[in-house]
Student: 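What follows is a single structure, and I will ask about it in a moment.
Naming convention: chains lettered A, B, ... in sequence-line order (proteins, then strands); numbering from 1 in each chain. Heavy atoms only: backbone and side chains are in, while hydrogens, waters and symmetry mates are out.
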2 protein chains.
Amino acid sequence: MAEKRNSKDILIEAASRLFRIRGYYGVGLKDIIEESGIPKGSLYHYFPKGKEELAIEAISHTKEFVIDEIKRGFDEIEDPIKAIQSHIFHLSEVFGDSENLLGLPIGTIAAETYTTSEQIRMACQEAMEDWQSIYVKKLLEADFSEKRAKELSIVINALIEGGILLSLTAKNGEPLQTIAEQIPLLLINK
Amino acid sequence: MAEKRNSKDILIEAASRLFRIRGYYGVGLKDIIEESGIPKGSLYHYFPKGKEELAIEAISHTKEFVIDEIKRGFDEIEDPIKAIQSHIFHLSEVFGDSENLLGLPIGTIAAETYTTSEQIRMACQEAMEDWQSIYVKKLLEADFSEKRAKELSIVINALIEGGILLSLTAKNGEPLQTIAEQIPLLLINK
DNA sequence: GTCTATACGGTGATAGAC
DNA sequence: GTCTATCACCGTATAGAC
């Protein structure tokens, strides 16, 4: 996607990282300037409409980043149930390690900006749809019915978004771990 | 809980309503002043530490508000699976009606303030724990094992918090509806 | 194209009159 | 106890020099 590390890409990557951890309103332009090392004037040169425009591209970047993460895990494990379970286990483990490297669920950004920016909401929706498509594809490969795969992809997405919220609120990975353990029982019917 | 409608209670109720819809950073003191009709000076008289202190009491108020809602539904339906399913169906319906009267999941507030206020995070955690306790109790009454009831209460909470996030992001009640439909299949094992 | 200096509005917070 | 007037600060955004 990003062919060379020009100022614009550096800005998008920095913004993506920060929004992922502190949310939309939790990050100021000042923070993005500091994190990226790119001065404010340049930011407005590349993103004339300012924070909102940058956020939309940052969310799209986060979307791709997560797609890569999911796909990498899915390529290693053939069974969809085990693969999804492993993905959630992985999320739960990230908590134990380094504070909050995991970050917030994407739905949080949508929720924050729900009343102020329709475009940001749509960028978040696109991300969710793409992620769910990966789950659907994986389930179809294992002979789940089309209808069931679609339904389960929503359930899985909700469990992940909600599970992250729970683990964040409780400040430990246990809720996500419990959810991961339940996955085989939850997704037993094809 | 609130014995008379004094200024303090009016402030808490107004703040609870606003935070529930727009989140912590989405609501300014100005909004709370306007919504409640109580002047700023009085706000600082009752809540010397300002917005954070008021938010903690507002979250606690929201907690009780939701407890009442869940319990009311649960008293009507004996079967825990049906009761939980009905609760989520109800949430999905609120979306169709009046824009975003439903509001954000409580975990969103925790996520927003995760890096800035430990106390707000804890207030959110208490709310989640209380809600989960109600699910546990309901499941135990229907002969689910203690261990299983505890696990499922986490799964249910994640499905609700995540489901709200999904419906909010998609701007319609379908994700919550799909989740509600899956509940019987998901919680089949005791 | 890149960066600096500055403007402007809104935020949470406070002092002090009534 | 209640409210008004005002503060200092930080947020986004812009103008214009290099």
Student: Find the distance B/Lys51:NZ to C/dT14:P and express it as a whole number of Å.
Tutor: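 Atom NZ in B/Lys51 sits about 15 Å away from atom P in C/dT14.
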Student: For residues A/Thr116 and A/Tyr25, is any side-chain donor paired with an opposing acceptor at under 3.5 Å?
Tutor: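 A donor-acceptor contact under 3.5 Å links the two side chains.
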Student: Is the A/Tyr135 ring parallel, tilted or perpendicular to the A/His87 ring (thresholds 30°, 60°)?
Tutor: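 Taking A/His87 first and then A/Tyr135, their aromatic rings sit tilted (interplane angle of 30° to 60°).
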Student: A/Tyr24 and side chain to side chain contact (heavy atoms under 4.5 Å, CB included): which single residue from A/Leu104, A/Ile59, A/Thr113, A/Leu18 fits?
Tutor: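 Option passing the side chain to side chain contact (heavy atoms under 4.5 Å, CB included) with A/Tyr24: A/Thr113.
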Student: Ignoring hydrogens and angles, tell me if any N or O in the side chain of A/Thr108 forms a donor-acceptor pair with the backbone of A/Pro105 under 3.5 Å.
Tutor: yes
Student: Using whole Å, report how far CG of B/Asp31 lies from P of C/dG10.
Tutor: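 Atom CG in B/Asp31 sits about 12 Å away from atom P in C/dG10.
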Student: For the pair made of CG in B/Leu29 and P in C/dT14, what is the distance, rounded to whole Å?
Tutor: 11 Å
Student: Enter the distance from A/Gln119:CD to A/Glu52:CD here, rounded to the nearest 0.5 Å.
Tutor: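 These two atoms lie 5.5 Å from each other.
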Student: What is the distance, rounded to the nearest whole Å, between atom NZ of A/Lys8 and atom C1' of C/dT2?
Tutor: 16 Å
Student: Side chain to side chain donor-acceptor pair (under 3.5 Å) for B/Arg20 and B/Ser16? Distances and angles first, verdict last.
Tutor: CA-CA 6 Å; B/Arg20 219 157 51 213; B/Ser16 165; 3.0 Å; yes
Student: Using a 4.5 Å cut-off between side-chain heavy atoms of Ile, Leu, Val, Met, Phe, Trp and Tyr, which other residues end up in the same hydrophobic cluster as B/Leu165?
Tutor: A/Leu165
Student: Salt-bridged, B/Glu112 to A/Arg22, with N to O below 4.0 Å?
Tutor: no
Student: Nearest heavy atom decides the nucleotide; on that basis, is B/Tyr46 or A/Glu52 closer to the 5' end of DNA chain D?
Tutor: B/Tyr46
Student: Could you check which residues of residues 36-45 of chain B get a heavy atom under 4.0 Å from DNA chain C? Sort them by number, please.
Tutor: B/Lys40, B/Tyr44
Student: Does any residue of residues 116-123 of chain B have a heavy atom under 4.0 Å from DNA chain C, and if so, which ones, in number order?
Tutor: none
Student: Taking CD1 from A/Ile33 and P from D/dC10, how many angstroms apart are they, rounded to a whole number?
Tutor: 17 Å
